[in-house]
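All values reported here derive from a predicted model rather than from experimental measurement. Each chain gets a letter, A, B and so on, in the order the sequences are listed, and its residues count up from 1. All values below come from the heavy atoms of this structure, side chains included, with hydrogens, waters and symmetry mates left out.
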Amino acid sequence: MALETAVLIGVVFAGATYLLLQRSFVRVLFGFVLLSNAANLLLLSMSGRPDAKVAPMVVEGAGPLADPLPQALILTAIVIGFGVTAYLVLLLYRIFLDHQTTHAGELYRDQDKDASP
Amino acid sequence: MNWTVAPILIPLVTGLVALAVGPPTRGRRWGVAVSMVSQLLVAAFLLVGTASGRWFLLGVGHWPARLGIVLVVDLLSAIMLTLSSLIGLAAVLYGYAESGVSEEHPLRLPLLQALMAGINLSFCTGDLFNLFVAFEIMLIASYGLLTTEADDWDIKQAFPYVAINVVGSTLFLCAAGLAYGLFGTLNFATIAQRASEMPGDGRVLLLGLLLVVVFGIKAGLFPLYYWLPNSYPTLPNPLAALFAGMLTKVGVYVLLRALGTMLPHDLHLIHSLLALLAGVTMIVAVLGAISRNHIRGILSFHILSQIGFMVLAIGFFTPLAWTACIFYVIHHIVVKASLFLIGGAAARLNRSDDLDRMGQLWQQAPWLGVLFLCQALSLAGLPPLSGFWGKYVIVLVGLAHGHYGLVAASLAASILTLVSMLKIWNAAFWGGTGAATVRIQDPHWRRMTWVVAGLTAISLGIGFGAESVFQLARQAAEQVFDATEYARVVAGFLGKLPPD
């Protein structure tokens, strides 16, 4: 099970990296969505094997509990990731409104060596 | 009363209240200014306390050590808190002087307070995941500040900044997860104890390398710096000063904290790597500065070049080098922020910060020129100004350990810094085009200059009172270098909390 999780995380990371390196900013956005999911999966896998463990709730006579801390961390990370994704979508929309493109090659084509406004 | 949480709570509450009050008014401005002064006073109180050997700790929610978040303020944290409140106050006052209430963007002050809360939390926290959260608060506020007042040119410069920081945060999240998997805790002190029980473990080294990448992005280390020099010049002047002064230095602070207090001290690969990258950063960034032709562009590249000096000192990895690093951070934050503010005042007088269209400032506004000269020469490292002492000790340590190439690189970078500063001086102050007009009647620039004069006085004080500042930096460096003492204090404190 650990191996499968590791392979899955690796594949998602690879996909995210591929998308992040694209020139279209919309693809970069999707790359970020994938990347944050890959990171969340990685965090989840840090709570160890869930076999023969029960959900972390205090019940009389319950067996060993699954480690709840990574789940709390993921919850925080999901909320932050959600907010940042929403921000990125709006930022891209603003760039699109101003420049009619979200392609890096077209956006920065006329950028000379000196970025004076 | 536990004062540990005050540097985070005050800006957070101020920001929320400012948001609730609504559109900018004179009263809201006063409220924020009073809050910034009280932040500075709290930070000064923490500084005096920690300088006399006290530690300020808070176990949030009284959770036991392995799981709960601890806030720890030691001397280094207190120094950084004082600097961030000082620069925050200067930025706020300068912003007031620069534009009237009616021109102020309604979100600027609330976002600025959120940024302060994030910066202060990253100095106070003793927990790796909490550090991640602090970074996120700081970054999200900075995204907001970078884009709310942006025009259509600025907005496309913001995307690379946001994109690389988002990726950096995600990598930080991965690093925090891996640290939890490896050590079963996220607390700096407990990580330090457990890491010292597994000497030579490759996984610790890998985790350290991952953290260096994350903090290197934050600090703007070669080759991870390209987001900075194009995005910072698009910010309004007071915000540019705050970003330039504080944000990259948060990266330097966490490098000190992580390498000194959390990770074992035998990761020589990381230390040599940092020193090497720092050398390259210094040279490449200062060449970038020379290539630019507008004040804020030049200054933005200088931030990176100076980061090179600080990280070089971290890479030498001796208490003396770290003393120089902390001294350099203190000097750099004040000088860099005030240079951005001087640049803003000069650009206001000339209506442009393009060096081809500036000039004649020395005849019309000599005091602004004097301030610029003090800070520019200090940045380049001329004795007896504050920049000299830090560089001097870094060079001494480098020579003592035989890093001749890196020392040569740092001296070359200093000379090139001087060259690019003289470029600003010649074009904007001393000579420049005769066609440049100086709007000396502008009512704002005098008050702006007063704010800068305050900062310049502090930086001159650092230069002339270098001995006492150096003693303070040495105490802070020895404290942050001593991981066992940190672990002992935090463990001793957590032992007093109620058990599971």
List the atom of A/Ala39, the atom of B/Leu173, and the distance in Å for their closest heavy-atom pair. CB-CD2, 3.9 Å
Starting at CG of A/Leu35, measure out to OG of B/Ser169 and round the result to the nearest 0.5 Å. 10.0 Å
Measure distances from A/Leu20 to the heavy atoms of chain B and classify the residue's part below 4.5 Å as side chain, backbone, both or neither. side chain
Check each atom of B/Phe129 against the heavy atoms of chain A and say whether the ones under 4.5 Å are side chain, backbone, both or neither. side chain
Quick check on the interface: out of B/Leu178, B/Ile140, B/Thr234, who has the most heavy-atom pairs with chain A under 4.5 Å? B/Leu178
Residues in residues 70-88 of chain A that sit under 4.5 Å from chain B, counting heavy atoms only: A/Pro70, A/Leu73, A/Thr76, A/Ala77, A/Ile80, A/Val84, A/Tyr87, A/Leu88
Are A/Phe32 and B/Val167 side-chain neighbours, meaning at least one heavy-atom pair lies under 4.5 Å? no
Between A/Arg94 and B/Thr147, which heavy-atom pair has the shortest distance, and what is it? NH1-O, 3.9 Å
Any B/Lys156 side-chain heavy atom under 4.5 Å of A/Asp98 side chain: no
Heavy-atom distance under 4.5 Å to chain B: side chain of A/Phe96, backbone, both or neither? neither
B/Leu182 side chain near A/Met46 side chain, heavy-atom distance below 4.5 Å: no
Which residues pass the salt bridge (charged side-chain N to carboxylate O under 4.0 Å, His left out) test with A/Arg23, not counting sequence neighbours? none
Step by step, would you call A/Leu107 with B/Phe159 a side chain to side chain contact (heavy atoms under 4.5 Å, CB included)? CA-CA 11 Å; A/Leu107 266 178; B/Phe159 193 83; over 6 Å; no
A/Leu97 versus chain B, the contacting section by heavy-atom distance below 4.5 Å: neither
Could you check if a side-chain atom of A/Leu69 sits within less than 4.5 angstrom of a side-chain atom of B/Leu186, using non-hydrogen atoms only? yes
pair B/Tyr180-A/Asp67: side-chain heavy atoms closer than 4.5 Å: yes
